Asker: 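Below are the structure tokens for one structure; questions will follow.
Computed from a predicted model, the values in this text were never measured in an experiment.
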Amino acid sequence: QAKCSNKSLPSTFFSMERALGKLKSSGTSPQAIQECVLTLHKIAENAAQKWNPTSGAKYRTIKQSSATITNKVTSLTGGQDCLLALGFVDAVEDGEAVWRIPPDRACVDKLWDGLAALRTAKDDMASIGVDHEKSQAANRAGGIEGTIRDMLTSPAKLNQLLRNPMVKQMISSNPDMVE
């Protein structure tokens, strides 16, 4: 049975931070990287939160033939390193190649450490900068920001909005909204 102890780690072992760095610097599209990180996060979260030496094995085992894992994780540079950093090892189960987290303390520690790093990476991706082209499009007439700007700079536009039946209904149900 494969173990996660430092002595048995494959030479391709990376810490999660290093593996994520490799993934992010691979030239892969930001969308694919985000999808990979979200998939890895979900895998790690399930494995960690549903850890049970007897009944939780299904959350610690992934078929290498899985199209989702291949497309979203292992086909990307650094994706396989991320799985290894979570404590997964290359194994064979019932004659089929799988990624599995052995039930030993070193693997559990790697799983929780990797999950923490993935949570940070996931949070960092949530703060990705604004798409300025989309923002400018939203600020043109027709976008909500453009409509508000027009209302504030043109009394005619404000009157037009206040005559809108939907806006009239909102005002009548909440008169404080106009003040």
Asker: Is the shortest side-chain heavy-atom distance between Trp99 and Gln80 below 4.5 Å?
Answerer: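 Trp99 reaches Gln80 side chain to side chain.
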Asker: Using a 3.5 Å distance criterion without hydrogens, assess whether the side chain of Thr120 forms a donor-acceptor pair with backbone atoms of Ala116.
Answerer: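 Yes; at least one donor-acceptor contact below 3.5 Å.
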Asker: Please name the pair of heavy atoms, one in Ser15 and one in Ala85, separated by the smallest distance, quoted to 0.1 Å.
Answerer: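 Closest heavy-atom pair between Ser15 and Ala85: C-CB, 3.8 Å.
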Asker: Indicate, with yes or no, if Val108 and Leu40 share a hydrophobic cluster defined by side-chain heavy-atom contacts under 4.5 Å among Ile, Leu, Val, Met, Phe, Trp and Tyr.
Answerer: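 In one cluster with Leu40: Val108, yes.
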Asker: Of all residues at least two apart in sequence or in a different chain, which pass the side-chain hydrogen bond (donor to acceptor under 3.5 Å, both in side chains) check with Thr70?
Answerer: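 Partners of Thr70 under the side-chain hydrogen bond (donor to acceptor under 3.5 Å, both in side chains) test: none.
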Asker: Taking the side chain as every heavy atom from C-beta outward, state whether Val89 and Leu84 have any pair of such atoms under 4.5 Å apart.
Answerer: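 They are not in contact (no side-chain heavy atoms under 4.5 Å apart), so the answer is no.
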Asker: Mind listing the closest non-hydrogen atom pair of Ile33 and Leu23 along with its distance?
Answerer: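 Smallest interatomic distance, heavy atoms only, reads CD1-O, 3.7 Å.
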Asker: Closer than 3.5 angstrom, by distance alone: can the side chain of Glu35 be matched with the main-chain N or O of Lys72 as a donor-acceptor pair?
Answerer: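 No.
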Asker: So does Glu96 get a backbone contact from the side chain of Asp94, meaning a donor-acceptor N/O pair under 3.5 Å?
Answerer: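 A pair under 3.5 Å: no.
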Asker: So Met125 and Val37, do their side chains get closer than 4.5 Å, heavy atoms only?
Answerer: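 In contact.
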Asker: Would you call Asp109-Arg105 a salt bridge at under 4.0 Å N-O?
Answerer: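 Here Asp109 pairs with Arg105 in a salt bridge, since their nearest N and O are under 4.0 Å apart.
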Asker: Do Trp112 and Met16 belong to the same hydrophobic cluster, where Ile, Leu, Val, Met, Phe, Trp and Tyr are linked whenever their side-chain heavy atoms lie under 4.5 Å apart, directly or via other members?
Answerer: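 As far as the 4.5 Å side-chain criterion goes, Met16 and Trp112 are connected within one cluster.
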Asker: Can you find a heavy atom in the side chain of Cys82 that is under 4.5 Å from one in the side chain of Val73?
Answerer: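 A side-chain contact under 4.5 Å is absent here.
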Asker: Side chains of Lys110 and Leu86: does their closest heavy-atom pair fall under 4.5 Å?
Answerer: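 Not in contact.
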